[in-house]
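See below for the structure under consideration.
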Amino acid sequence: MDKIRMTTPLVEMDGDEMTRILWKMIKDELLLPFIDLKTEYYDLGLEYRDQTNDQVTIDSALATKKYGVAVKCATITPNAARMTEYNLKEMWKSPNGTIRAILDGTVFRAPIVVKGIEPTVRTWKKPITIARHAYGDVYKATEMKIPGAGKAELVYTNEAGEEVRELIHQFDGPGIIQGQHNVCASIESFAKACFNYALDTKQDLWFATKDTISKKYDHTFKDIFQEIFDAEYKEEFDAAGIEYFYTLIDDAVARVIRSEGGYIWACKNYDGDVMSDMVATAFGSLAMMTSVLVAPDGTYEYEAAHGTVQRHYYKHLKGEETSTNSVATIFAWTGALRKRGELDQIPELMTFADKLEKATIDTIEGGTMTKDLALITTLKDVTVANSEEFIKAVRKTLEAML
């Protein structure tokens, strides 16, 4: 068969460790045989980020703004151990944090539901989509170690040079401080993205923070959401028969566990990071979750919501067999290809993305899956595939469909 032609490149952001190995396998087995793949490639592997002083991450985000669609592999955010392991010049910030700050988008994450993988929470019947604000808070925080007794203050200086000061803490000895920030324009973009996504998908929208404790920071998020909803979206929500409501984050957690699912749960940056992992794992696996960053200008960046699978990578380096789940990474590619096809009016590309997703799900439901799913499936007599075997099994299913 003729390969499907693309007209505009995708921005391709390569990553680290085991997910980088899977990335190449997916391209070689599931994409390049069928698509005349056009990408603008950026190596976001930790070694190259270090070589370029993280400029490659910034360049990849700017390219995403230019071309409108990106697909990203999982990447390492270095800690002290990684500094030593990779002999880094600096403890570089999260690439996702840098990209999200430049694109100013909202991350929507939803589990990939397949028959035979039952949610741990028995009441859950439908997917729960986490809408994660993708700017600021702890991911853009400034931190300081306090060496000894002294005073720490928040200081704001306006353009006229006038200062406002708030005492953080009077230290009697060593400690730590962290300065977080957000900007109202980004919170407004977050709110609108959530309301629009709820209308597009005809789902209720929940938003939760801790405004009882954080009476200025979190309360500002709550107020902005309510003001925008009342002014711009209430009538549309009523007409669509869907609901928006605010609740405390701890109340939201209790309600989520008792719910059937089928709604969007909007969270601040850190809450969304943690809760999306919880929701994904409870639905089956971190490797079974889609993640897309939607920016206000209509830019899309698709990624897997999980990490680089370090433990499997070390096994792989020793020549040992791994059974690493590649589903979320496959779905990152299909999401990006479908969006590229939609924007460029290439229906064949959109159809291919749909078929590749169906082939992936059909392969699992047909009884061939990676070890993480085999351990929790209710299907009988399943075949546990290694990393490469699973991708080749998906290719076989896909070829039969094509």
message: Taking Ile257's backbone N and O only, do any of them form a donor-acceptor pair with Thr123's side chain (distance below 3.5 Å, no angle check)?
response: yes
- prompt: Taking the six-membered ring for Trp, are the ring centroids of Phe331 and Tyr302 within less than 6.0 Å of each other?
  reply: no
task: Report the C-alpha distance between Lys210 and Asp250 in whole Å, list the side-chain angles of each, state the deciding distance to 0.1 Å, and finish with yes or no for salt bridge (Lys or Arg N to Asp or Glu O under 4.0 Å).
output: CA-CA 8 Å; Lys210 193 72 173 172; Asp250 31 353; 2.8 Å; yes
message: Tell me whether Met144 at atom CE has more than 12 heavy atoms from other residues, nucleotides or ligands lying less than 6.0 Å away.
response: no
query: Which pair of non-hydrogen atoms, one from His181 and one from Tyr135, has the smallest distance, and what is that distance?
result: NE2-OH, 2.7 Å
- prompt: Passes side chain to side chain contact (heavy atoms under 4.5 Å, CB included), Met288 versus Asn325? Steps please.
  reply: CA-CA 8 Å; Met288 299 289 287; Asn325 190 327; 3.8 Å; yes
message: I'd like to know whether Thr377 forms a side chain to side chain contact (heavy atoms under 4.5 Å, CB included) with Met369, so could you lay out the CA-CA distance, the side-chain angles of the two residues, the decisive distance to 0.1 Å, and finally the verdict.
response: CA-CA 9 Å; Thr377 187; Met369 61 192 73; 3.9 Å; yes
message: Whether the side chain of Asn158 engages the backbone of Gly161 through a donor-acceptor N/O pair (distance < 3.5 Å, no angle test) should be reported.
response: yes
message: Counting only heavy atoms from other residues, nucleotides and ligands, does the tally under 6.0 Å from CD of Glu166 exceed 12?
response: no
- prompt: Sub-3.5 Å donor-acceptor pair from the side chain of Asp16 to the main-chain atoms of Ile76, do we have one?
  reply: yes
- prompt: Going through the distances and angles, do His312 and Ile21 end up as a side chain to side chain contact (heavy atoms under 4.5 Å, CB included)?
  reply: CA-CA 10 Å; His312 285 202; Ile21 306 294; over 6 Å; no
query: Are Asp36 and Arg5 close enough, and set up right, to give a salt bridge (Lys or Arg N to Asp or Glu O under 4.0 Å), and what steps lead you there?
result: CA-CA 5 Å; Asp36 182 19; Arg5 301 212 166 270; 2.8 Å; yes
task: Using a strict cut-off of less than 4.0 Å between a Lys/Arg side-chain nitrogen and an Asp/Glu carboxylate oxygen, indicate whether Glu17 and Arg82 qualify as a salt bridge.
output: yes
- prompt: Around atom CD of Gln345, are there more than 12 heavy atoms of other residues, nucleotides or ligands at under 6.0 Å?
  reply: no
- prompt: So how far is it from Met91 CE to Tyr86 OH, rounded to the nearest 0.5 Å?
  reply: 14.5 Å
- prompt: With respect to Cys194, which candidate in Leu205, Ile228, Thr129 satisfies the side chain to side chain contact (heavy atoms under 4.5 Å, CB included) definition?
  reply: Leu205
task: Taking Thr308 for its side chain and Ala74 for its backbone only, find out whether a donor-acceptor pair lies under 3.5 Å.
output: no
field: Polar side-chain atom of Lys93 near backbone of Lys140 as donor-acceptor pair, under 3.5 Å
entry: no
task: Please answer whether the main-chain N or O of Thr368 pairs with a side-chain N or O of Thr363 as donor and acceptor at a distance below 3.5 Å.
output: no
task: Report the residues that fulfil side-chain hydrogen bond (donor to acceptor under 3.5 Å, both in side chains) with Tyr233, sequence neighbours left out, ordered by chain and then residue number.
output: Asn196
task: Mind running salt bridge (Lys or Arg N to Asp or Glu O under 4.0 Å) on Lys24 and Asp28 for me, showing each step along the way?
output: CA-CA 6 Å; Lys24 185 175 188 310; Asp28 290 347; 2.7 Å; yes
query: Do Thr209 and Tyr246 have side-chain atoms, one donor and one acceptor, less than 3.5 Å apart?
result: yes
message: So if I apply the side chain to side chain contact (heavy atoms under 4.5 Å, CB included) rule between Lys392 and each of Lys396, Glu389, Glu388, which one comes out positive?
response: Glu388
query: Does the side chain of Ser326 reach to within under 4.5 Å of the side chain of Met25, using non-hydrogen atoms?
result: no
- prompt: Going through the distances and angles, do Glu365 and Lys358 end up as a salt bridge (Lys or Arg N to Asp or Glu O under 4.0 Å)?
  reply: CA-CA 10 Å; Glu365 293 181 348; Lys358 187 172 189 316; over 6 Å; no
task: Verify the neighbour count for atom CG of Leu167: are there more than 12 heavy atoms of other residues, nucleotides or ligands below 6.0 Å?
output: yes
message: With a 6.0 Å cut-off (strictly less than), is the heavy-atom count around CZ of Phe245, excluding the residue itself, greater than 12?
response: yes
Residue pairs, two or more places apart or on separate chains, that pass ring-ring contact (aromatic ring centres under 6.0 Å, His included) and touch residues 25-84: Phe34-Phe352
message: Test your reading of the model: is there a side-chain donor-acceptor pair from Lys202 to the backbone of Ala240, 3.5 Å cut-off?
response: no
statement: With sequence neighbours left out, the residues meeting side-chain hydrogen bond (donor to acceptor under 3.5 Å, both in side chains) with Ser94 are none
message: Tell me whether Glu163 at atom CD has more than 12 heavy atoms from other residues, nucleotides or ligands lying less than 6.0 Å away.
response: yes
query: Are there more than 12 heavy atoms of other residues, nucleotides or ligands under 6.0 Å from atom CG of Asp2?
result: no
Considering all heavy atoms, the nearest Ile364-Val114 contact: CG2-CG2, 4.1 Å
message: Regarding His306 and Thr19, do their side chains bring together a donor and an acceptor under 3.5 Å, going by distance alone?
response: no
Pairwise distance OG1(Thr360) to CD1(Ile330) - rounded to 0.5 angstrom: 4.0 Å
- prompt: Atom CD in Glu227, atom CD in Glu188: separation rounded to 0.5 Å?
  reply: 8.5 Å
query: Are the side chain of Asp137 and the backbone N or O of Asn182 linked by a donor-acceptor pair below 3.5 Å?
result: no
statement: When every non-hydrogen atom of Gly136 is compared with those of Asn269, the smallest separation belongs to O-ND2, 3.2 Å
field: Any donor-acceptor pair under 3.5 Å from Thr351 side chain to Glu348 backbone
entry: no
task: Salt-bridge test for Asp297 and Lys65: reply yes if a basic N is under 4.0 Å from a carboxylate O, no otherwise.
output: yes
message: With side chain to side chain contact (heavy atoms under 4.5 Å, CB included) as the criterion, how do Lys192 and Glu232 come out once you've worked through the C-alpha distance, each side chain's angles and the decisive distance to 0.1 Å?
response: CA-CA 9 Å; Lys192 288 177 182 179; Glu232 299 179 38; 3.8 Å; yes
task: State, without any angle test, whether Asp362 and Thr397 hold a side-chain donor-acceptor pair at a distance under 3.5 Å.
output: no
field: Mutual orientation of the aromatic rings belonging to Phe225 and Phe190 [parallel < 30°, tilted 30-60°, perpendicular > 60°]
entry: perpendicular
- prompt: How close do Gly15 and Arg20 get, heavy atom to heavy atom, and via which atoms?
  reply: O-NH1, 2.7 Å
task: Would you check if the side chain of Lys234 reaches a backbone N or O of Ala231 as a donor-acceptor pair within less than 3.5 Å?
output: no
Minimum-distance pair of heavy atoms, taken over all atoms of Lys115 and Leu379: O-CD1, 4.1 Å
message: Would you say that more than 12 heavy atoms from the other residues, nucleotides or ligands in this model lie under 6.0 Å from the NZ of Lys371, or not?
response: no
field: Short N-O contact, Arg109 and Glu303, less than 4.0 angstrom
entry: yes
- prompt: Are side-chain N/O atoms of Asn96 and Tyr139 paired as donor and acceptor at under 3.5 Å?
  reply: no
- request: Going by the ring-ring contact (aromatic ring centres under 6.0 Å, His included) test, name the single residue among Tyr197, Trp124, Trp206 that passes it with Tyr263.
  value: Trp206
Salt bridge present between Arg395 and Glu399 (N-O < 4.0 angstrom): yes
- line: Between Ala70 and Thr64, the two heavy atoms sitting closest are CB-OG1, 3.4 Å
